[in-house]
Protein chains: 2
Amino acid sequence: MDSSTTIRALAALAQEHRLAAFRLLVQAGEAGLSAGAIAEAVGAPASSMSFHLAQLSHAGLIRQKRQSRSLIYSADYTTMGDLMAYLTENCCSGQGCVPALGCEPQNTDERNAA
Amino acid sequence: MDSSTTIRALAALAQEHRLAAFRLLVQAGEAGLSAGAIAEAVGAPASSMSFHLAQLSHAGLIRQKRQSRSLIYSADYTTMGDLMAYLTENCCSGQGCVPALGCEPQNTDERNAA
DNA sequence: TCCATATTTCCATAATTATCGAATCATCGA
DNA sequence: TCGATGATTCGATAATTATGGAAATATGGA
């Protein structure tokens with residue numbers, strides 16, 4: 001992940017409605033949520049939310065699929081993973097930025113799932 | 001870390017000159033770098049860089065100390081760590097976002113250094 | 001085909017953020 | 001105290017980003 005891609009991802013998350021939407025989609029998991037559901041949950045008008053979803057999408061953080069009349073959005077963890085890797089690599093060098101989780105003796109294989 | 005603090009940190013990093021500056025400071029380590037040195041390395045005029053350093057500072061990502069005529073900036077890893085923790089917690093839920101490092105069998109105690 | 005629903009695109013406007021020269025402030029050495 | 005150096009603040013302007021209603025697009029059902 002290069003720095004301009006990183007900046008796009010960071011900027012995508014650096015906004016109230018977008019961060020809320022992304023968190024929601026992470027919670028929702030594979031099933032995802034429709035644009036309308038997200039807009040309602042976040043409390044933003046449809047057209048505004050659409051704008052924000054486009055930003056997240058453009059950053060590669062979420063995916064879109066049509067399901068009948070609804071557009072279902074879901075989190076795309078690969079970009080998020082790349083972002084985490086970039087930050088760990090470039091912004092935490094040798095210091096204690098990596099949170100102390102995910103380091104259990106035998107974590108079978110939940111990582112690398114997406 | 002609450003979401004508005006998170007957003008401030010994300011926004012602080014979501015800018016070319018600031019991300020470059022922060023990476024530089026992470027590399028520089030404890031010793032840090034002067035405002036002038038950062039501005040030159042990043043290729044931004046002093047007053048612009050000063051603006052950006054203020055943003056990073058306000059987000060809690062860097063610290064400032066005066067050393068004679070120079071202001072020396074250095075990375076503050078605690079906020080970065082909090083940010084990583086927030087993202088891991090809220091944006092990677094159960095999925096494979098945590099990079100596969102920091103999980104060596106016996107990593108003595110380099111974490112929690114700062 | 002026609003209507004209702006779900007969502008986006010368009011557009012104008014508002015708000016925020018970035019840029020950078022000039023002026024100002026702080027510190028040091030002579 | 002004066003001049004030089006390092007850095008910030010000020011202020012005006014440019015650029016980007018956010019907002020949200022209205023119009024347009026896509027889909028499905030009757």
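Since we're looking at a predicted model, the values are computed, not measured. Throughout, a chain's letter reflects where its sequence line sits, starting with A, and its residues are numbered from 1.
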Any side-chain heavy atom of [X] sitting closer than 4.5 Å to one from [Y]?
| X | Y | result |
| --- | --- | --- |
| A:V26 | A:M80 | no |
| B:H52 | B:I38 | no |
| A:N90 | B:F22 | no |
| B:Y73 | B:K65 | no |
| B:R18 | B:L13 | no |
| A:S3 | B:L19 | yes |
| A:I72 | A:L33 | no |
| B:I7 | A:Q15 | no |

Is there any salt bridge (Lys or Arg N to Asp or Glu O under 4.0 Å) pair reaching into residues 67-79 of chain B, and which pairs are they, with sequence neighbours excluded?
->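 For residues 67-79 of chain B, and leaving out neighbouring residues, the salt bridge (Lys or Arg N to Asp or Glu O under 4.0 Å) pairs sorted by first residue read B:R63-B:D76.
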Give the cluster check for A:L87 versus B:Y86: same hydrophobic cluster or not, with ILVMFWY residues linked at side-chain heavy-atom distances below 4.5 Å.
->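 Yes.
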In the single-linkage hydrophobic clustering (I, L, V, M, F, W, Y; side-chain heavy atoms under 4.5 Å), do A:V42 and A:F51 co-cluster?
->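 No, A:V42 does not connect to A:F51 through the hydrophobic network.
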If you take all heavy atoms of A:A39 and A:A46, which pair is closest and at what distance?
-> CB-CA, 4.4 Å
Taking all non-hydrogen atoms of both residues into account, name the closest pair between B:A59 and B:R8 and its distance.
-> CB-O, 3.8 Å
How about B:D2 and B:T5: does a side-chain donor come under 3.5 Å of a side-chain acceptor?
->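 Indeed, the side chains of B:D2 and B:T5 share at least one donor-acceptor pair under 3.5 Å.
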Considering only heavy atoms of chain A and a distance under 4.0 Å, specify the first and last nucleotide of DNA chain D in 5' to 3' order that meet this criterion.
-> D:dA18 to D:dG28
Look at A:Y73 and C:dT8 and indicate whether a side-chain polar atom (N or O) is within less than 4.0 Å of OP1 or OP2.
->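 A:Y73 to C:dT8 OP1/OP2: side-chain N or O found under 4.0 Å.
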Close residues, residues 1-17 of chain B, relative to DNA chain D [heavy-atom separation under 4.0 Å] = none
Whole angstrom value for the distance that separates C1' of C:dT8 from CD of A:Q55 |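 So the two atoms are 14 Å apart, to the nearest Å.
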Which ones in residues 36-52 of chain A lie close to DNA chain C, meaning a heavy atom under 4.0 Å from one of its atoms?
-> A:G36, A:A46, A:S47, A:S50
State, to the nearest 10°, the angle formed by the axis through the first five base pairs of the helix from C:dT1-D:dA30 to C:dA30-D:dT1 and the axis through its last five.
-> 20°
Backbone N or O of A:G32 within a donor-acceptor pair of the A:S74 side chain at under 3.5 Å?
->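 Looks like no, no N/O pair under 3.5 Å.
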Tabulate atom names and distances for all N/O pairs under 3.5 angstrom spanning the protein and nucleotides 24-28 of chain C.
none

